[in-house]
Amino acid sequence: MRIPTLAVGWLAIMAMPLAAQKDYRNLDDERPVLTEDAYPIEHRAIEIMVPFTLERQGGADGLEFNPEVMWGALANVMVGAKLPFVFETGESSALAGVRLFALANFNTESPWLPALSLRADVALPGGAAGGAGTLVAVKGIATRSWGVWRAHVNGVRTIGEASDAPTADAPPRWSGSLAIDRTFWRQSLLLVGEVVVAEPLGSTTTTWRAGAGVRWQFTPTTVLDLGAFRRLSATGPDVGVTFGLSHTIGWRALFGGVS
């Protein structure tokens, strides 16, 4: 399979000299595992991501390229957009719709409560693999920290018909996940493991999978993530790997001292 030329342009953006990243520890959605944490990116920052996912199911390989941009629109609120592309063995690439999302953190951690957030994703049709209609997925997120250790719980529910779903990066009818992470090496390296249970759209079969990954901040503004997963149930992708780069642009790098 050929990596799309579009990725080259995104990777070039990574080389720009920009402000220091402060949210490298954040677990982004599907990077390097499905579970994300309850914290948005820094207020006014822009994060650019170039993630890839390679899956094998039934002897066939599939590659997804899912460029993404997030913006810290308000304190404790971020919005973003994705453009997923799918590549099947022996076939050309196809756009799998457009994704728009927003995450709001309405409670930071306290002695009695974890950090709590709500996220909404809208999957819009577009491209040959984009589906025929609109889906809305709502996710509840909780994060609790104990020093270098953190635990995360995610729960997702999708509103919409299976016939409208895209053929790549489609949300599940429902899912729940639990992840544990730990930081190492002067807090520039994070390791995470997770377990996910889900029911795909248009199915009544429950699937289970386990995954693990690493996030490494190798420059002040750039984070590399690597992940792997495999199914624990009789259905679902057999195995898969993820790879991604993210780069954070601070407000001062874009506009200097303008507030």
Legend entry - Within-4.5 Å side-chain heavy-atom neighbours: Tyr39 and Met78: no
Inset, instruction - Could you tell me whether the side chain of Asn26 and the main chain of Pro40 form a donor-acceptor pair under 3.5 Å? - result: yes
Legend entry - Stepwise side-chain hydrogen bond (donor to acceptor under 3.5 Å, both in side chains) test for Ser145 and Glu109: CA-CA 8 Å; Ser145 302; Glu109 289 187 65; 2.7 Å; yes
Legend entry - Sidechain N-carboxylate O distance under 4.0 Å for Arg31, Asp29: no
Legend entry - Within-4.5 Å side-chain heavy-atom neighbours: Val50 and Phe65: yes
Legend entry - Lys/Arg N to Asp/Glu carboxylate O, Arg215 vs Asp28, below 4.0 Å: yes
Legend entry - From CD1 (Ile180) to CH2 (Trp149), nearest 0.5 Å: 8.0 Å
Legend entry - Nearest-0.5 Å distance that lies between atom NE2 in His43 and atom CG in Leu74: 5.5 Å
Legend entry - Side chains of Val197 and Thr206 in contact at under 4.5 Å (non-hydrogen atoms): yes
Inset, instruction - Would you kindly confirm whether Val122 and Val156 end up in one hydrophobic cluster when ILVMFWY residues are joined by side chain heavy atoms under 4.5 Å apart? - result: no
Inset, instruction - Salt-bridge test for Arg99 and Asp169: reply yes if a basic N is under 4.0 Å from a carboxylate O, no otherwise. - result: yes
Legend entry - Pairwise side-chain contact, Glu55 with Phe229, heavy-atom cut-off 4.5 Å (strictly under): yes
Inset, instruction - Please lay out, stage by stage, how Leu116 and Ile141 fare under the test side-chain contact (heavy atoms from CB on, under 4.5 Å). - result: CA-CA 6 Å; Leu116 298 172; Ile141 309 167; over 6 Å; no
Legend entry - Note, Val192 side chain near Pro32 side chain (heavy atom, < 4.5 Å): yes
Inset, instruction - Any chance you could measure Phe85, atom CZ, to Ser93, atom OG, to the nearest 0.5 Å? - result: 7.0 Å
Legend entry - Test log, rule side-chain contact (heavy atoms from CB on, under 4.5 Å), inputs Asp181 and Leu27: CA-CA 9 Å; Asp181 71 42; Leu27 289 177; 3.6 Å; yes
Inset, instruction - Can you see which heavy atom on Val196 is nearest to which on Ser177, and at what distance? - result: CG2-CB, 3.8 Å
Inset, instruction - Go through the steps to decide whether Leu189 and Val214 satisfy the test side-chain contact (heavy atoms from CB on, under 4.5 Å), and finish with yes or no. - result: CA-CA 7 Å; Leu189 186 71; Val214 57; 3.4 Å; yes
Legend entry - Contact summary for Val69 and Ile46, nearest pair of heavy atoms: CG1-CG2, 4.0 Å
Inset, instruction - Could you tell me whether Arg56 and Asp238 make a salt bridge, using a distance below 4.0 angstrom between a side-chain N and a carboxylate O? - result: no
Inset, instruction - Run the salt-bridge test on Asp37 and Arg150 with the 4.0 Å N-O cut-off and return the result as yes or no. - result: yes
Inset, instruction - Taking atom types as modelled, find out whether His152 and Thr35 have a side-chain donor-acceptor pair closer than 3.5 angstrom. - result: no
Inset, instruction - Compute whether any side-chain donor of one residue and acceptor of the other, for Thr242 and Glu30, lie under 3.5 angstrom apart. - result: no
Inset, instruction - Give a yes or no on whether Arg230 atom CZ has more than 12 heavy-atom contacts from other residues, nucleotides or ligands under 6.0 Å away. - result: no
Legend entry - Least distance between heavy atoms, Ala73 atom then Val79 atom: CB-CG2, 4.2 Å
Inset, instruction - Give, for atom CZ of Arg44 and atom CH2 of Trp71, the distance between the pair rounded to the nearest 0.5 Å. - result: 9.0 Å
Inset, instruction - Compare all side-chain heavy atoms of Asp121 with those of Lys139 and state whether any distance is below 4.5 angstrom. - result: no
Legend entry - Val153 vs Thr143 side-chain heavy atoms within contact, under 4.5 Å: no
Legend entry - Sidechain-backbone polar pair: Arg209 side chain, Pro237 backbone, donor-acceptor under 3.5 Å: no
Legend entry - Flag, side chain of Asn154 to backbone of Glu36, donor-acceptor distance under 3.5 Å: yes
Inset, instruction - Tell me whether Leu245 is reachable from Val241 by hopping between hydrophobic residues (I, L, V, M, F, W, Y) whose side-chain heavy atoms are closer than 4.5 Å. - result: yes
Legend entry - Main-chain N/O of Val77 paired to Asn105 side chain as donor or acceptor, under 3.5 Å: no
Inset, instruction - Measure across Ser110 and Arg144 and return the closest heavy-atom pair with its distance rounded to 0.1 Å. - result: O-NH1, 2.8 Å
Legend entry - Nearest heavy atoms of Val223 and Phe218, plus distance in Å: C-CE2, 4.2 Å
Inset, instruction - Examine distances only and state if a side-chain atom of Ser175 and a backbone atom of Ala198 form a donor-acceptor pair shorter than 3.5 Å. - result: no
Legend entry - Worked check of side-chain contact (heavy atoms from CB on, under 4.5 Å) between Asp164 and Thr134: CA-CA 7 Å; Asp164 292 331; Thr134 300; over 6 Å; no
Legend entry - Spacing of CG belonging to Leu95 relative to CG belonging to Leu83, to within rounding of 0.5 Å: 6.0 Å
Inset, instruction - Give a yes or no on whether the backbone of Leu34 and the side-chain of Glu194 come within a donor-acceptor separation of less than 3.5 Å. - result: yes
Legend entry - Side-chain heavy-atom pair Thr207, Pro200 within 4.5 angstrom cut-off: yes
Inset, instruction - May I ask whether Phe243 and Leu63 are part of the same hydrophobic cluster, defined by side-chain heavy atoms of I, L, V, M, F, W, Y residues being less than 4.5 angstrom apart, directly or through others? - result: yes
Legend entry - Backbone of Gly140 reached by a side-chain donor or acceptor of Arg157 within 3.5 Å: no
Legend entry - Same cluster (ILVMFWY, side-chain, under 4.5 Å), Val138 and Trp174: no
Inset, instruction - Hey, could you give me the CG/CG distance between Leu201 and Leu135, rounded to the nearest 0.5 Å? - result: 6.0 Å
Inset, instruction - For Ala115 and Ala38, work out which heavy atoms get closest and say how close. - result: O-CB, 3.6 Å
Legend entry - Test item: Ser233 side-chain N/O and Trp208 main-chain N/O as donor-acceptor pair under 3.5 Å: yes
